[in-house]
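Following: one structure in structure tokens, then a few remarks.
Please read all numbers here as calculations on a predicted model, not as lab measurements. Just so it is clear: chains get the letters A, B, ... in the order the sequence lines come, proteins before strands, and each one is counted from 1.
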Amino acid sequence: MAKFNLIQAIQDALRVALQVDERVLVLGEDVGVNGGVFRATEGLQAEFGSLRVIDTPLAEAGIVGASVGLAVNGMRPVPEVQFAGFLYPAVEQIVCHVSRVRTRSQGRFSCPLVIRAPYGAGIRAPELHGDSPEAFFVHQPGLKVVCPSTPYDAKGLLLAAIADPDPVLFFEPMRIYRAFKEEVPEGHYTVPIGRANIVRTGKDLSLFAWGTMLRVSLEAAELAKQRGWEVEVVDLRTLSPLDRETILASVQKTGRALVVHEAPKTAGLGAEIVSLINEGALLSLEAPVLRVGSYDVPQPLFSLEDICAPDARRILHGIERVMTY
Amino acid sequence: MAKFNLIQAIQDALRVALQVDERVLVLGEDVGVNGGVFRATEGLQAEFGSLRVIDTPLAEAGIVGASVGLAVNGMRPVPEVQFAGFLYPAVEQIVCHVSRVRTRSQGRFSCPLVIRAPYGAGIRAPELHGDSPEAFFVHQPGLKVVCPSTPYDAKGLLLAAIADPDPVLFFEPMRIYRAFKEEVPEGHYTVPIGRANIVRTGKDLSLFAWGTMLRVSLEAAELAKQRGWEVEVVDLRTLSPLDRETILASVQKTGRALVVHEAPKTAGLGAEIVSLINEGALLSLEAPVLRVGSYDVPQPLFSLEDICAPDARRILHGIERVMTY
Amino acid sequence: ILTAGRVLATPAVRQLARDLMIDIRLVSGSGAAGRVTKEDLLAHQRAQQEQRLSDAE
Amino acid sequence: MNRTEWSRAERMALTPERLTEMYSWMITIRHFDRRAVQLQRSGRLGTYAPLEGQEAAQVGCGVALEKGDWLFPTYREHGVSMVHGLPLATILLYWNGRPEGCIPPPNVNIFPIAVPIATQLPHAVGAAWASKLRGEDAVTVGFLGDGATSEGDFHEAMNFAGVFKLPVIFFCQNNGYAISVPLHKQTATETLAEKATAYGMEGVRVDGNDLLAVYRAVKAAADKARSGKGPTLIEAVTYRYGSHTTADDHTRYRTEEEVEAWRAKDPIERLKQTLQEHGIWTEELEAELWKKADEQVQTAIDEMLAAPPVDPDRLFDHAYATLPAHLQAQRAEMRALYRSEGGV
Amino acid sequence: MNRTEWSRAERMALTPERLTEMYSWMITIRHFDRRAVQLQRSGRLGTYAPLEGQEAAQVGCGVALEKGDWLFPTYREHGVSMVHGLPLATILLYWNGRPEGCIPPPNVNIFPIAVPIATQLPHAVGAAWASKLRGEDAVTVGFLGDGATSEGDFHEAMNFAGVFKLPVIFFCQNNGYAISVPLHKQTATETLAEKATAYGMEGVRVDGNDLLAVYRAVKAAADKARSGKGPTLIEAVTYRYGSHTTADDHTRYRTEEEVEAWRAKDPIERLKQTLQEHGIWTEELEAELWKKADEQVQTAIDEMLAAPPVDPDRLFDHAYATLPAHLQAQRAEMRALYRSEGGV
Ligand SMILES: Cc1ncc(C[n+]2csc(CCOP(=O)(O)OP(=O)(O)O)c2C)c(N)n1
Ligand SMILES: Cc1ncc(C[n+]2csc(CCOP(=O)(O)OP(=O)(O)O)c2C)c(N)n1
Ligand SMILES: [Mg+2]
Ligand SMILES: [Mg+2]
Ligand SMILES: [Mg+2]
């Protein structure tokens, strides 16, 4: 065991993956010599060489498209997109090909790649560095979308993603990259994709969150406790496919629910969670399932990022609205 | 008045727009000499010249990005993307710039453009020609998203979109381009953006649909009538901003609702509609709000397109599930 | 009798329970999956009224 | 092509049998193409993209490759795909929107058709990269048209290929048009081959209607790639006689005179002349080849028409390696709705 | 630059006053840049992208333009933006994440910074297109770095500019790196200017640290564009002395020797030499210019630091021309939550 923060856990996952499977490649802008702008790939090129850890030209559609070619021709590429807001130039490749290769060829070809991207605001970064575009990739069938909130989950989920025969988008909560450390097993292990984790049990309200929003949600849950409400906090960990079982079981227990995410509220992933709760547990609901998301405004420059994204106060306000409905 | 089908109505709107506002430009692949692959722009270049109706190179990010430049520097471009599935290469320009210019510059600059794109499957077209990507653009704040289902609405909404100071994505239901004709006023008129239209009243269930799904929904409503259920069919017409008032008023009346769209169900626009009904009219609900969407599989080649997309039978099945809950 | 566990009812029924000022947890559900139906609420209301009448006597 | 410019080895390789084979391919492809158009007109095939006029470019390319090489085609590569081993029936199934149309036989290295323009080029680059990493001598060919050169994905793929010196050939059939947009509206350069220099890559422009010229250019580029010397852009100048697809009407944007001028330089006619010069061509041969083509094409048509209705389970079968629970539920609902009457 | 190569008019235009003005700009920009880095280190400015070393490229470009010309900048164009009229305080506000930082004064034609690489280039093309349509003689400048030339949007913009012969200048500051990626890993060509030929466009490579060379190249390109002769790609070869941004550490991927070698060719030093050759430079002038720069920069810093807390209404104010109902509701909720204590 070692005590790792999120970045170290991710780095370790990549190291283990490069070790155990010679088909694995790490590629992207500044990932090689520089070790990545967040040092996620620090030391990997020195250890595995520049044929396996590659600095690419500045071209996301090219990086992801080349990764498709690598993947269908026998490799296991793990491309990094420097920030999730720079996934947009690669959307055509992701939505038209990464997600469809297997179906289109009825399994004759497949696309086992993992696209890593830091996401979320809160670190005073320039525009587009703080976007949360996960909803796009949950909506497009054929992909898996994963978002850990802890170092243990990050390493295990990333290794699971790399081993997965299907393409995975791996969103890394940038603002907590170095926020805390925890025990992380050495060597290879996986955390199953598709399984949520109940990080705090409670009988009054089910709060669903992921990635960057876990800590503020737990903060809000503590504030709610002072008001006499026991909030169950569920870390979804996988956004696609959603762990419908865990979500519904929790709501059936509490009868009240809240979804918290950084992305804009309208047509964000919260809407899907509300819908599936509505479909599968309507009769248990004592109150509407509410969502706390970023305001439906274009992501602002960073002086306004803290107001735009949910914080503990706003989440508590959401809890209150649901509890007092 | 004249009797127009959808294509003729769109063409007429473009003609009127080019006439009344010299800043308006129509640009895109094959829109000039060829009049567009669906003849939406037939005759316009001959009438207005090749400085106003322009055949561009094959490059959607370039077309949309250049349209941003045209728009911020005083023009009113109306770029055509040949099929909605080819919006994907332009997603970076749309999501990073088209939608954000006004906010970013606090109104100093604005981006009054309209992107037209035929969408939806059902005409045995090749892959990617039948995609329904509207949810992406509803999720991104700063855009308006419009989708008419009739010639009258198409002309009026397109003229409204072109006059709108904000950027609009205009999705045209390809499969009914020539399906029927109706009376369409000559000259300039608008249909307000942001207002849904109740096309069939009913007391038992509120069915929300748009574009390509109107006709099959009305078909299903007729079948439902034979089962004794009076379905209210609401044509949303604008997908962003949604007409929450009309949606909620209808559900408060009927107590049961169904959303029908071509896009994949998960994290599609149906989820947002379910969520807002849940937020604003939960206590009226006698049953869960269900969604009938395409299956959550990658859009297939056309031999499977009719099964993949909702048809009257599947919509009726959804109505039945809601009515018999 | 308080229903053990969670009361199942559609949102509309819950609204009706509020309007009728009935504690829905006291109502036994006869609907599908054990849910409390509108009829259950009305029956409960009648029973309440009868009980009050007999108490008053 | 001046015979003295060919090396002895090249002249040796192009035996009468080989030349006849190439000629046979062109005839087969042209016949297939015409039958496909007819099928579409009679409602038995969906919208189809004809390639008549481009046969030499495609056959010349295809015969210059080795079996293990990879093709990353657009929607107009039926010809070279056949040469490379794709069954004619598979191609027809594709244009009837059948999933089988995207599945090459085992050991036939043809990736499914990429519809979004130019997006196949980064795929070709990646596949070539994998070959290079494994030390294979397979070459990858990314196909594109003239219009595709305006897309960003072309640029990004070309640049990657140049930087990483990958064993990839960018085979561009410049047929003068992107649907209705003529080359001079597409780009300001006279040629497409010259764009290669922007990537530190060699660009070769050939007469795309001279099969042997195409053959030579592709063979040279493939040999170069196999010996680790990197990528090439080949611009095969050719012409699309027909409309962009059967849903297009080319008379709206070009003249019959222009089409006729190109027909006068017909690629099949030209190879026929070469065969005549070599004493290979006879009337019997001609008749035999068209007859053989007809049989082959008819067999494929019959096979395509005889295909059983598509199983709607195919929607779900390969959405993921293992179908997740929510899709199992959707598939169950689909089966209940659409199969209760015994099939679609 | 050999003085005999300049036309008389050009030499006349570069009066001592003008040369001094250019020199003053470079000093101001360098001083601003260094103060900005200090501010970031002391926590009073967010992450900042220094441009030290690139002053001649930016000033040479800026002074060659007319007031009505348009700039479409990246995040590193602080220098040329100042020359073109953007207040220094506005630039500082930008790096403190303030919306005011994206708003140029009226009649200052500078578009807000585009963060996604190369996406500003199609904007520049469109703006130039609008100018051309209206028969204006405004020129548009799209800025980019070396890394940006690998993006598809660069390609698509360049191609449009060439096809439509637009009055746009693509001004590329090749500073040798895209964050940590050196040019030879970015592309296989030796220069970036040569990529212009792929678009039928003229490409000009200049010593980006020779302000007068840059000035001349931009003026020529602008004159050419104004006379309807179309676009130009200018590659200004320069160097970024510091890290990519204050969040980067350039010592991880390059040597101090390399940086020092470039400092030896410092652009400000070089213009100083020119001023000395012309008998313009004096120690008093030097001191005065640095003092003036310091006052100007300090004023801007004070203004930036004195900015009142950002009004959270700014999140909503201009999301749309007219705030839709659902956003009015969200704004009300935001105000209730975050303003109840009298401000953020
Ligand atoms: C990204 C994208 N935009 C638009 C289209 C529609 N489209 C299909 S083919 C075509 C023209 C392609 O021209 P070219 O590259 O010259 O190939 P050709 O058809 O002439 O062989 C267009 C615009 C598409 N398939 N993909
Ligand atoms: C589409 C996109 N991908 C990645 C980034 C992250 N990024 C910011 S600057 C930069 C390097 C740009 O290099 P260059 O074009 O040479 O400009 P320079 O910074 O050297 O002036 C990168 C990769 C980005 N902003 N946009
Ligand atoms: Mg072509
Ligand atoms: Mg692109
Ligand atoms: Mg650079």
Side-chain angles (χ1 to χ4, degrees), chain A residues 22-23 25 27 51-52 54-75 77 79 89-90 92-93 95-97 99-113 141-144 164-167 193-194 238 240-245 276, chain D residues 70 72 99-106 108-109 111-134 136 138 140 142 151-164 166 168 314-322 324-327 329:
Chain A
E22 59 180 7
R23 301 169 301 174
L25 304 172
L27 62 154
L51 292 181
R52 297 196 65 203
I54 307 116
D55 282 316
T56 65
L58 215 178
E60 287 77 10
I63 290 167
V64 173
S67 297
V68 171
L70 285 161
V72 304
N73 197 12
M75 308 306 287
E92 184 182 31
Q93 286 289 345
V95 164
C96 300
H97 296 296
S99 67
R100 303 186 203 212
V101 165
R102 183 185 287 281
T103 302
R104 178 182 292 145
S105 69
Q106 293 285 292
R108 172 75 158 76
F109 300 100
S110 65
C111 193
L113 55 74
L143 300 171
K144 294 181 182 174
D164 200 300
D166 289 311
I193 289 175
T238 295
S240 179
L242 286 165
D243 184 350
R244 289 165 172 78
E245 263 185 47
L276 75 91
Chain D
W70 275 92
F72 283 79
E100 298 90 334
C102 295
I103 310 173
V108 173
N109 295 345
F111 200 59
I113 288 168
V115 169
I117 299 292
T119 55
Q120 68 280 4
L121 300 175
H123 306 164
V125 160
W129 193 345
S131 293
K132 180 172 178 177
L133 283 169
R134 289 194 299 267
E136 299 162 357
T140 301
E151 283 281 7
D153 278 20
F154 163 76
H155 177 73
E156 298 187 20
M158 291 280 285
N159 189 50
F160 267 64
V163 166
F164 294 110
L166 298 172
V168 58
R314 294 269 204 169
L315 272 178
F316 295 91
D317 286 344
H318 300 280
Y320 292 90
T322 306
H326 73 291
L327 286 186

Which atoms of [X] are under 4.5 Å from chain D, going by heavy atoms: the side chain, the backbone, both sets, or neither?
| X | result |
| --- | --- |
| A/Leu27 | side chain |
| A/Glu60 | backbone |
| A/Ser105 | both |
| A/Ile54 | side chain |
| A/Val101 | side chain |
| A/Asp243 | neither |
| A/Arg244 | side chain |
| A/Leu58 | neither |
| A/Gln106 | both |

Which atoms of [X] approach chain A - backbone, side chain, both or neither, heavy atom under 4.5 Å:
| X | result |
| --- | --- |
| D/Ala157 | neither |
| D/Ala124 | neither |
| D/Ser131 | both |
| D/Pro104 | both |
| D/Leu327 | neither |
| D/Ala138 | neither |

[options]: which one forms the most heavy-atom pairs within less than 4.5 Å of chain A?
| options | value |
| --- | --- |
| D/Pro324, D/Ala130, D/Ala321 | D/Ala321 |
| D/His155, D/Glu156, D/Lys132, D/Glu100 | D/Glu156 |
| D/Val115, D/Thr140, D/Thr119, D/Asn109 | D/Thr119 |
| D/Pro116, D/Ala127, D/Gly101 | D/Ala127 |
| D/Asp153, D/Leu121, D/Leu315 | D/Asp153 |

Between [X] (side chain only) and [Y] (backbone N and O only), is there a donor and an acceptor less than 3.5 Å apart?
| X | Y | result |
| --- | --- | --- |
| A/Arg104 | A/Cys96 | yes |
| A/Thr238 | A/Gly194 | yes |
| A/Ser240 | A/Lys144 | no |
| A/Arg108 | D/Phe111 | no |

* To do: Quick one: do D/Gln120 and A/His97 satisfy side chain to side chain donor-acceptor pair (under 3.5 Å)? Show the steps, please.
  => CA-CA 9 Å; D/Gln120 68 280 4; A/His97 296 296; over 6 Å; no
* A/Arg100 vs A/Val95 side-chain heavy atoms within contact, under 4.5 Å ->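 Answer yes - side chains close enough.
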* Asked: Is any side-chain heavy atom of A/Pro165 closer than 4.5 Å to a side-chain heavy atom of A/Arg102?
  ->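 Yes; the side chains approach each other to less than 4.5 Å.
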* **ring pair (Phe, Tyr, Trp, His ring centres under 6.0 Å) involving D/Tyr320 - partner list, sequence neighbours excluded** => none
* Do you know which of A/Ile63, A/Asp164, A/Leu276, A/Leu242 has the most heavy-atom pairs under 4.5 Å to chain D? -> A/Ile63
* Structure fact -> chain D shares the most heavy-atom pairs under 4.5 Å, among A/Leu25, A/Leu143, A/Leu70, A/Thr103, with A/Leu70
* Quick one: list whatever passes side chain to side chain contact (heavy atoms under 4.5 Å, CB included) with A/Pro57, sequence neighbours left out. =>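 A/Pro57 satisfies side chain to side chain contact (heavy atoms under 4.5 Å, CB included) with D/Asn159, D/Phe160, D/Val163, D/Phe164, E/Ser150, E/Gln186 only.
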